[in-house]
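First the proteins, then the strands, lettered A, B, ... as listed; each starts at 1.
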Protein chains: 2
Amino acid sequence: MILSRTSQYAIQALIFIATRPPGEPVLNREIASYLNVPPAYLAKIMQSLCKGNLLYSYRGRLGGFCLREGASKTDLMQILLLTEGPSFTQECVLGLKVCSDATACPMHTKWVPIKKKVVALLNEQTLEKLARAVQTGKYRLSDLPTSLLAPMRRA
Amino acid sequence: MILSRTSQYAIQALIFIATRPPGEPVLNREIASYLNVPPAYLAKIMQSLCKGNLLYSYRGRLGGFCLREGASKTDLMQILLLTEGPSFTQECVLGLKVCSDATACPMHTKWVPIKKKVVALLNEQTLEKLARAVQTGKYRLSDLPTSLLAPMRRA
DNA sequence: CCTCATTCGGAGAATTTTATCCGAAATCCA
DNA sequence: TGGATTTCGGATAAAATTCTCCGAATGAGG
């Protein structure tokens with residue numbers, strides 16, 4: 001409804017790393033298998049998160065990725081800036097190239113307040129917060145095992 | 001941020017038709033040129049809106065599209081059901097296959113209220129309403145002419 | 001030094017979304 | 001009836017997104 005797969009993977013991966021002891025590199029392979037996402041694709045995304053200064057990467061044995069100092073304070077909006085681009089929150093709902101208070105599409109005035117709420121939420125959710133929510137066990141980061149999804153009737 | 005191009009075109013086209021005298025078929029060509037969208041692509045979308053029972057279509061001379069009876073009461077949610085599919089509002093923000101109150105991603109509880117607001121808005125905005133908003137002249141349906149977009153300095 | 005494990009970076013394949021093309025069918029009108 | 005106009009429907013192309021592959025560079029540890 002809102003985010004590209006790329007953004008979803010990026011957020012999931014970053015939260016996952018944030019749940020791990022800081023400073024200990026996490027393997028791409030491990031993240032991908034935990035989140036159940038394509039490893040090679042995730043690797044690309046990890047690269048871009050490195051370039052976006054959210055992660056450190058280490059090659060070779062004992063390599064992997066870990067959060068940069070202070071990166072656990074990163075909020076979702078900052079991540080989406082990297083994965084969705086800077087115009088993410090600036091686009092018109094109906095797709096008009098220009099849609100501002102001065103010259104707007106017929107949804108504009110109704111949409112702006114909702115957009116503000118979305119942005120506020122994305123701004124307040126940090127990796128730290130989300131990681132803690134996962135650590136409590138109340139929330140999930142990866143899909144349920146298929147066995148739980150569609151319980152099979154005994155043969 | 002939310003809607004596919006297809007959905008945006010569909011909504012724009014339907015609002016446009018709703019601003020026209022009911023019962024008088026509007027040409028695909030005319031809609032496309034007014035909205036400045038690719039005519040052949042729009043034609044496909046119009047077809048699917050016919051199949052979705054929002055429009056009548058007439059072939060031949062004096063042909064075109066017009067709203068079905070009562071279709072001006074259609075709200076955006078109904079349109080999006082056609083263009084985005086039924087799972088539009090049911091997807092998890094982080095992309096989990098299953099994310100419900102019982103077993104949720106760490107964004108779930110914060111996201112649900114916002115999603116509700118979005119759905120409520122989409123449910124209350126009808127073609128009628130939106131068309132009227134356009135007819136007042138306060139709101140636009142199509143892009144500004146490029147001359148207004150990027151005023152050129154005299155040579 | 002060599003080997004192994006990892007990320008890097010570029011190329012490219014697969015899929016989905018967006019867009020185009022064209023012949024056929026329908027409809028109006030002369 | 002025939003010509004003009006329009007949508008219909010199927011095939012296909014183009015572009016964007018998602019995903020894969022592989023050789024090269026890097027680093028750890030023997």
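For residues 15-25 of chain B, every residue pair satisfying the salt bridge (charged side-chain N to carboxylate O under 4.0 Å, His left out) rule, not counting sequence neighbours, is listed here: Arg20(B)-Glu30(B). Counting only residues at least two apart or on different chains, the side-chain hydrogen bond (donor to acceptor under 3.5 Å, both in side chains) pairs with a member in residues 34-52 of chain A are Thr6(A)-Tyr41(A). Every pair passing side-chain hydrogen bond (donor to acceptor under 3.5 Å, both in side chains) that includes a residue from residues 106-135 of chain B is listed here, sequence neighbours excluded: Lys73(B)-Glu128(B), Asp101(B)-His108(B).
When the salt bridge (charged side-chain N to carboxylate O under 4.0 Å, His left out) test is applied to Arg68(A), no partner is found at least two apart in sequence or on another chain. Scored by the side chain to side chain donor-acceptor pair (under 3.5 Å) test, Ser87(B) finds Glu91(B) as partners (sequence neighbours excluded). Residues that satisfy the side chain to side chain donor-acceptor pair (under 3.5 Å) test with Thr83(A), not counting sequence neighbours, are Ser7(A). Judged as a side-chain contact (heavy atoms from CB on, under 4.5 Å), and not counting sequence neighbours, the contacts of Thr103(A) are Val98(A), Ser100(A), Arg140(B), Leu144(B).
Reading DNA chain D from its 5' end, the first and the last nucleotide to sit under 4.0 Å from a heavy atom of chain A are dT18(D) to dG29(D). Taking 4.0 Å as the cutoff to heavy atoms of chain B, we find the contact window on DNA chain C bounded by dT18(C) to dC29(C).
Proximity of Ile2(A) to Phe88(A): side-chain heavy atoms (C-beta onward) are separated by under 4.5 Å at one or more points. Looking only at side-chain heavy atoms (C-beta outward), Cys105(B) and Tyr139(A) stay at 4.5 Å or farther from each other. In this structure the side chain of Ile79(A) never reaches within 4.5 angstrom of the side chain of Leu122(A), judged on heavy atoms. The shortest side-chain heavy-atom distance between Leu80(B) and Ile11(B) falls under the 4.5 Å cut-off. Contact annotation: the side chain of Cys66(B) never approaches that of Leu55(B) to less than 4.5 Å [non-hydrogen atoms, C-beta and beyond].
Residue-to-nucleotide proximity on DNA chain D shows that, of Leu3(A) and Leu27(B), the 5′-proximal contact is made by Leu27(B).
Within residues 32-51 of chain B, the residues having any heavy atom under 4.0 Å from DNA chain C are, by residue number, Pro38(B), Ala40(B), Tyr41(B), Lys44(B). Residues from residues 56-65 of chain B placing a heavy atom under 4.0 Å of any atom in DNA chain C, listed by number, are Arg59(B), Gly60(B), Arg61(B), Leu62(B). The stretch residues 5-26 of chain B comes close to DNA chain C through Arg5(B), Thr6(B), Tyr9(B), each having a heavy atom under 4.0 Å from the strand.
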Open item on the list: Would Cys50(A) and Phe65(A) count as a side-chain contact (heavy atoms from CB on, under 4.5 Å) here? Give the steps.
Closed with: CA-CA 9 Å; Cys50(A) 289; Phe65(A) 299 90; 3.7 Å; yes
Open item on the list: For a side-chain contact (heavy atoms from CB on, under 4.5 Å) check, start with the C-alpha distance between Gln8(B) and Val93(A), then their side-chain angles and the critical distance, and finish with the verdict.
Closed with: CA-CA 8 Å; Gln8(B) 293 174 337; Val93(A) 216; over 6 Å; no
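A donor-acceptor pair shorter than 3.5 Å can be found between the side chains of Ser4(A) and Glu84(A).
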